[in-house]
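Report on the structure given below.
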Amino acid sequence: MTSPQNIPRSALMLGLAGLAPFVWGALTTLVPTLGLQASGVIGSRFVGPYVQLYYGAVILSFMSGVLWGFATKADGAKATGGYILSVLPALWAFFMTGGGAVGASMNLIAGFVGLLLLDWQFWRQGLAPAWWMKLRVLLTAIVVLCLLTGVL
């Protein structure tokens, strides 16, 4: 069994790799010339806060699927509650990421913080792996810091 201190290497590496669009978005926001040059090559959707917004909505939806998977480990009312909670991140992304970049970024930050609370709930109930919260806190902190570059 994996202890809370030992995040499986593959989960850690893939989780960190999954941060690339958030980090890229922050970098192209903080270095406007890089963002302008990259925008000319790959399009404005893939730089600055816009890549973060699109990707953030995708990741919240993906995490809904992860939580759904955790809910399958439960039975009865506990499972039903888990299924209901698991769809919240995807619904949040769908309804809260429209409008301007600043408002949408703030809503994504709230969505990722809310997701962390849901992660904790599933973990507390023994439906997530022992190491889950260590990974999720790390990834969420980096995502929120990156999203803040589009807000500040």
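Just so it is clear, the structure is predicted and the values come from calculations on it, not from any experiment.
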Indicate, with yes or no, if [Y] and [X] share a hydrophobic cluster defined by side-chain heavy-atom contacts under 4.5 Å among Ile, Leu, Val, Met, Phe, Trp and Tyr.
| X | Y | result |
| --- | --- | --- |
| Phe62 | Val23 | yes |
| Leu139 | Trp24 | no |
| Val102 | Phe95 | yes |
| Phe112 | Leu117 | no |

Residue pair [X] / [Y]: nearest heavy atoms and the distance that separates them:
| X | Y | answer |
| --- | --- | --- |
| Gly150 | Pro49 | CA-CB, 4.4 Å |
| Pro21 | Val51 | O-CG1, 3.6 Å |
| Tyr83 | Thr72 | OH-CA, 3.5 Å |
| Trp92 | Ala110 | CZ2-CB, 3.9 Å |
| Ala71 | Phe122 | N-CE2, 3.9 Å |

Tell me whether Arg9 at atom CZ has more than 12 heavy atoms from other residues, nucleotides or ligands lying less than 6.0 Å away.
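Not more than 12 within 6.0 Å, no.
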Tell me if a side-chain donor or acceptor on [X] pairs with a main-chain N or O of [Y] at a distance below 3.5 Å.
| X | Y | answer |
| --- | --- | --- |
| Thr140 | Val137 | no |
| Thr29 | Thr149 | no |
| Asn107 | Thr97 | no |
| Tyr55 | Gly18 | yes |
| Gln52 | Cys146 | yes |
| Ser39 | Leu36 | no |
| Ser64 | Ser86 | yes |

Full working for side chain to side chain contact (heavy atoms under 4.5 Å, CB included) between Leu115 and Leu88:
CA-CA 8 Å; Leu115 171 62; Leu88 295 178; over 6 Å; no
Just how far is it from atom [atom1] of [X] to atom [atom2] of [Y], taken to the nearest 0.5 Å?
| X | Y | atom1 | atom2 | answer |
| --- | --- | --- | --- | --- |
| Lys78 | Lys73 | NZ | NZ | 10.0 Å |
| Leu147 | Leu53 | CG | CG | 7.5 Å |
| Leu116 | Gln121 | CG | CD | 12.5 Å |
| Phe94 | Leu60 | CZ | CG | 14.0 Å |
| Ile7 | Met133 | CD1 | CE | 11.0 Å |
| Leu19 | Ile59 | CG | CD1 | 9.0 Å |

Hey, does [Y] have a side-chain heavy atom less than 4.5 Å from the side chain of [X]?
| X | Y | answer |
| --- | --- | --- |
| Val66 | Asp119 | no |
| Val151 | Ile109 | yes |
| Leu145 | Phe22 | no |

Pair Phe70, Trp123 - check ring-ring contact (aromatic ring centres under 6.0 Å, His included), show working.
CA-CA 9 Å; Phe70 290 159; Trp123 175 79; over 10 Å; no
Could you walk me through whether Val87 and Trp68 pass the side chain to side chain contact (heavy atoms under 4.5 Å, CB included) check?
CA-CA 8 Å; Val87 300; Trp68 184 279; 4.2 Å; yes
I'd like to know if the side chain of Asn6 pairs up with that of Trp131 as donor and acceptor (distance under 3.5 Å, no hydrogens or angles considered).
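Their side chains do not contain a donor-acceptor pair, so the 3.5 Å distance test is not met.
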Side chain to side chain contact (heavy atoms under 4.5 Å, CB included) between Met96 and Met106: does it pass, once the steps are laid out?
CA-CA 9 Å; Met96 303 303 289; Met106 289 173 38; over 6 Å; no
